[in-house]
Number of protein chains: 2
Amino acid sequence: METLYNAENERARCGACAIRHRAVCGALEREELAALSRISHQRSFAAGQVIMSDQDPVDFFANVISGVVKLTKTLPDGRQQIVGLQFAPDFLGRAFSPAHTYFAEAAGDVELCCFPRNSFEALLQSSPGLEHRLFEQALQELDAAREWMVVLGRKTAQEKIASFLCLIARRSLVAPCPRGAVSAQPTFELPVSRADMADFLGLTIETVSRQITRLRTKHLIRLCDHQHFMVPDLAALNELAGHDLPALH
Amino acid sequence: METLYNAENERARCGACAIRHRAVCGALEREELAALSRISHQRSFAAGQVIMSDQDPVDFFANVISGVVKLTKTLPDGRQQIVGLQFAPDFLGRAFSPAHTYFAEAAGDVELCCFPRNSFEALLQSSPGLEHRLFEQALQELDAAREWMVVLGRKTAQEKIASFLCLIARRSLVAPCPRGAVSAQPTFELPVSRADMADFLGLTIETVSRQITRLRTKHLIRLCDHQHFMVPDLAALNELAGHDLPALH
DNA sequence: CGACATGTTGAACCTCATCAACCGACGTGG
DNA sequence: CCACGTCGGTTGATGAGGTTCAACATGTCG
């Protein structure tokens, strides 16, 4: 399935890219895009696979085409914290420094569009628009990271879970309910395991599980299966999450 | 006092600036610097004063010349989280967006070098080096924010305090011990109150206080007074903080 | 001097982590 | 085919770490 897709894209690769206009490459002129097309190549990663490590220098950048990438940090004794989740069409990689301070792992199956570091940085030199776009994304990630610091530092387990579900409802695409039950409410897909949710929220798996069932018994969410949920009243969930604004980002 | 200082600087302002080469303006050419000098002006803020608010648009950027600025976010019910501490020569303000998602407040007395938003953004257009420098700082802030997410999500109160003290030991200048006791060990100054430490670490004031005394009874730190402390063995403190690396940033 | 702000200490309570058992889905191999 | 182990998720019982409420100490300012 991927091979067919790749073959399809082989000729006018970037032009046909689904995330093209939303991704950083949207900043590129026609001929710059052609240059990028020449140096880029797609790669697939299976769930759990390490994409970038903090151990050895990373020699490429990437755009997320599909799937979710988690950025993790680990303490010497093994405690782990997810410091970022990257969805399509986010850009992956730390500009100006091949050394990373975190891991990038595939949360589920992931498709990336990869660019060799050297070629990409050369392109970066010649295209101020591209650097500007990367800057913008970095600022957005900074905003998101700070937003999440509030979640980690000041919210209860219940609020953390609610915040996470709201985040998913904002960022993840609506998925059809696999049970086949037709419903008026949109159904969302949890792109990560319970363990990942715990690592993202600074909780344990058990607490995550308990708080989810608590939200369920409060009828603030409905579960189709372990990975799919519906939100009858998004405003109510938002309020429980402690969001004053109905929607941001 | 400020007026005298300002008058003094009126002629060769930026050239004589103490933080010039370390701040973002270090990226500027001679004549760009002259342009910046023309639009910049110093402002002082007393402890606790709001510098930028998330309520109304901010019409200026600034460099921190001295003092510490805290970036705070507040939940609807009043819970607060500090999402960043800016020291000299950090840059203050969100490029490309006059709307802020956080407050900037003076932690102690603060001196800023302010630039009107419009003029500065014009300068930004014409000087790619300046934008690059801002980008670099944004990436560093992002790294710092993510580093802090680990502290908030996964560390114990004790480790949080140790992490904070290590942060101060890295970033704050060494201060002479006000008690006058000459000592072989360097003395650091806590630039924020206990309440601010609590808001930065996701704790309560009481816990902060207790953990500090615990570190003191363990002889990992020594207190001159409430704002000044010494670290007999920085490596030990670092280890307690959960830093595998002796020093980063 | 008393009022106030900032910081410390004590006691009781509560949230969440820990340890453990259990459940269903899945794959494997006898 | 079913027993078996494994993996991801749920649920229960218990306890520790941190919050909460309260009192107290110290320093500053009117």
Side-chain angles (χ1 to χ4, degrees), chain A residues 46-48 70 75 77-81 107-108 151-165 178-179 189-218 221-229 240 242, chain B residues 46-48 75 77-81 107-109 151-165 178-179 189-218 221-229 240 242:
Chain A
K70 50 181 181 173
L75 290 175
D77 63 0
R79 280 173 290 176
Q80 204 171 59
Q81 175 69 43
V151 175
L152 290 174
R154 286 304 183 198
K155 291 193 181 176
T156 65
Q158 179 88 175
E159 293 167 326
K160 285 179 176 181
I161 297 290
S163 297
F164 182 76
L165 296 181
R179 279 272 184 269
E189 178 178 4
L190 287 173
V192 298
S193 67
R194 297 289 188 270
D196 287 337
M197 288 182 61
D199 283 345
F200 194 39
L201 295 167
L203 299 171
T204 58
I205 340 178
E206 295 92 330
T207 305
V208 169
S209 184
R210 271 186 259 269
Q211 296 299 336
I212 287 182
T213 59
R214 204 146 90 84
L215 285 181
R216 191 156 46 88
T217 60
K218 279 187 180 179
I221 58 171
R222 285 188 48 198
L223 291 188
C224 305
D225 59 33
H226 293 308
Q227 313 301 333
H228 297 263
F229 68 99
L240 183 71
Chain B
L75 291 175
D77 63 0
R79 281 174 290 175
Q80 203 171 57
Q81 175 70 43
D109 292 346
V151 175
L152 291 174
R154 286 304 183 199
K155 292 194 181 176
T156 66
Q158 179 89 174
E159 292 166 328
K160 285 179 175 181
I161 298 291
S163 297
F164 182 76
L165 296 182
R179 279 272 184 269
E189 178 178 5
L190 287 173
V192 297
S193 67
R194 297 288 188 270
D196 287 338
M197 287 183 61
D199 283 346
F200 194 40
L201 296 167
L203 299 170
T204 59
I205 338 179
E206 294 92 330
T207 305
V208 169
S209 184
R210 272 186 259 269
Q211 295 300 336
I212 287 182
T213 59
R214 204 145 89 84
L215 284 181
R216 190 157 46 90
T217 59
K218 280 187 180 180
I221 59 171
R222 285 188 49 198
L223 291 188
C224 305
D225 58 33
H226 292 308
Q227 312 301 333
H228 297 264
F229 68 100
L240 184 70

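A note on names: the letters A, B, ... follow the listed sequences, proteins ahead of strands, and every chain is numbered from 1. Just so you know, these numbers use all the heavy atoms, side chains as well, and skip hydrogens, waters and symmetry mates.
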Under 3.5 Å donor-acceptor, B:D109 side chain and B:A46 backbone: no
A:R216 side chain vs A:I221 backbone, donor-acceptor pair below 3.5 Å: no
Test side chain to side chain contact (heavy atoms under 4.5 Å, CB included) applied to B:K160 and B:T207, step by step: CA-CA 11 Å; B:K160 285 179 175 181; B:T207 305; over 6 Å; no
Regarding [X], tell me which of base, sugar-phosphate or nothing describes its non-hydrogen contacts under 4.0 Å with the strands shown.
X: A:Q158; value: nothing
X: A:L203; value: sugar-phosphate
X: A:T204; value: base
X: B:G48; value: nothing

Rounding to a whole Å, what distance do you find between [X]:[atom1] and [N]:[atom2]?
X: B:R214; N: D:dG18; atom1: CZ; atom2: P; answer: 8 Å
X: A:M197; N: C:dC16; atom1: CE; atom2: P; answer: 14 Å
X: A:D199; N: C:dC16; atom1: CG; atom2: C1'; answer: 16 Å
X: B:I205; N: C:dT8; atom1: CD1; atom2: P; answer: 10 Å
X: B:R154; N: D:dG17; atom1: CZ; atom2: P; answer: 17 Å
X: B:Q211; N: C:dT9; atom1: CD; atom2: P; answer: 12 Å
X: B:D225; N: D:dT28; atom1: CG; atom2: C1'; answer: 15 Å

Base of [N], side chain of [X] - is there a donor-acceptor contact under 3.5 Å?
X: B:R210; N: C:dG7; answer: no
X: A:R216; N: D:dT11; answer: no
X: A:E206; N: C:dC16; answer: no

Nearest heavy atoms of A:A198 and A:I205, plus distance in Å: CB-N, 3.7 Å
Which nucleotide in D:dT10, C:dT18, D:dT19 has an atom nearest any side-chain atom of A:H226: D:dT10
Nearest-neighbour nucleotide for the B:T213 side chain, C:dC16, C:dT8, D:dG9 considered: C:dT8
Derivation and outcome, side chain to side chain contact (heavy atoms under 4.5 Å, CB included), residues B:K155 and B:L201: CA-CA 10 Å; B:K155 292 194 181 176; B:L201 296 167; over 6 Å; no
Of A:A195 and B:V208, the one whose closest DNA chain D nucleotide lies more 5': A:A195
Distance test, side-chain N/O of A:T207 to OP1/OP2 of C:dA17, below 4.0 Å: yes
